[in-house]
Amino acid sequence: GPRRSDVIVVLAGETDKRPEGGINLLRKGFADRLILDVPADAKLFGWNELDLARHYIEGLPDAAQMTVCPIHGLSTRDEAQDVSQCVRAVAPKHILLVTSDYHTRRTLSTFRRLVPGYEFDIAAVYNPQQFGQQWWRHREWAKTMLYEWIRLGWWELVDRWRQPS
């Protein structure tokens, strides 16, 4: 399982599960700070997602321990670059990443390669609507697995060897 860290970084996506998972880890004492990654240009029913995320945090009792990190790219690679900017103010040694269970391997590999100088650990969040253990029995789970294999393959064969921008 995850170790105590200096900061928890919740990766963008699956907003119904990932933030909740990160906040639970914060409340269990896995870190004193949480950074929530949010797509900078995304809109939801006409509302800017950054504003929604900030509003969501403001309503929490531990809001003072949380900040929002605007994410400008669409890939895990781009997100790693944005996170490296957002964590600078915290100056952490150890970062706990929170992402979906099917996404942990690629995330950890990407962050270790592209964001040097930090120790990374990872915590998985489960969403039974998106993915489960017997992924081959459900069409949506199988699609999730296929897309993740493709992305992992691309990372291992191509992106991993490109110089960080």
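Owing to the predicted nature of the structure, the values given are computational and were not obtained by experimental measurement. Computed from heavy atoms alone, side chains included, the values below leave out hydrogens, waters and symmetry copies.
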Taking C-beta and beyond as the side chain, do D78 and H72 meet within less than 4.5 Å on heavy atoms? no
Heavy atoms of T104 and A124 approach each other most closely as CG2-CB, 3.9 Å
Mind checking whether I35 and V10 have side chains closer than 4.5 Å, heavy atoms only? no
In this structure, which one of L25, D32, D121 forms a side-chain contact (heavy atoms from CB on, under 4.5 Å) with R4? D32
Measure the shortest side-chain to side-chain distance between P92 and V87 over non-hydrogen atoms and say whether it is less than 4.5 angstrom. yes
Which of L96, I8, V98 passes side-chain contact (heavy atoms from CB on, under 4.5 Å) with L26? Answer is I8
How many angstroms lie between atom CG of L34 and atom CG of D62, to the nearest 0.5 angstrom? 8.5 Å
Quick check for you: to the nearest 0.5 Å, what is the distance between E49 atom CD and I71 atom CD1? 11.5 Å
Worked check of side-chain contact (heavy atoms from CB on, under 4.5 Å) between L11 and L97: CA-CA 7 Å; L11 268 62; L97 300 168; 3.9 Å; yes
Please check if the side chain of D6 supplies one atom and the backbone of K93 the other of a donor-acceptor pair under 3.5 Å. yes
Note, R54 side chain near L50 side chain (heavy atom, < 4.5 Å): yes
Taking every non-hydrogen atom, the tightest pair across T67 and R33: CG2-NH2, 3.3 Å
Closest non-hydrogen atom pair, P61 against R27: CD-NH2, 3.7 Å
Out of curiosity, R77 CZ to F111 CZ, how far, rounded to the nearest 0.5 Å? 12.0 Å
Separation of C86 SG from E79 CD (nearest 0.5 Å): 9.5 Å
To the nearest 0.5 Å, how far apart are CD in Q65 and CG in L60? 10.5 Å
Measuring only between side-chain heavy atoms, which start at C-beta, is E119 closer than 4.5 Å to I95? no
Kindly give the heavy-atom pair with the smallest separation between G13 and R18, and that separation in Å. O-CD, 3.2 Å
Of all the heavy-atom pairs spanning S84 and Y118, show the shortest one and how long it is. O-OH, 4.5 Å
Over all heavy atoms of both residues, which pair between Y56 and P19 is shortest? Give the atoms and the distance, please. CE2-CB, 4.4 Å
Between V9 and D37, does a side-chain contact (heavy atoms from CB on, under 4.5 Å) hold up when you go through it step by step? CA-CA 7 Å; V9 174; D37 291 0; 3.7 Å; yes
Please step through side-chain contact (heavy atoms from CB on, under 4.5 Å) for the pair R3 and H94, ending with a clear verdict. CA-CA 9 Å; R3 308 180 275 165; H94 195 269; 2.6 Å; yes
side-chain contact (heavy atoms from CB on, under 4.5 Å) assessment of V115 paired with F120: CA-CA 9 Å; V115 192; F120 288 100; 3.8 Å; yes
Side-chain donor or acceptor of S109 paired with backbone N/O of R105 under 3.5 Å: no
Side chains of T99 and V125 in contact at under 4.5 Å (non-hydrogen atoms): no
Would you indicate whether the side-chain heavy atoms of M66 and I23 approach each other to under 4.5 Å? yes
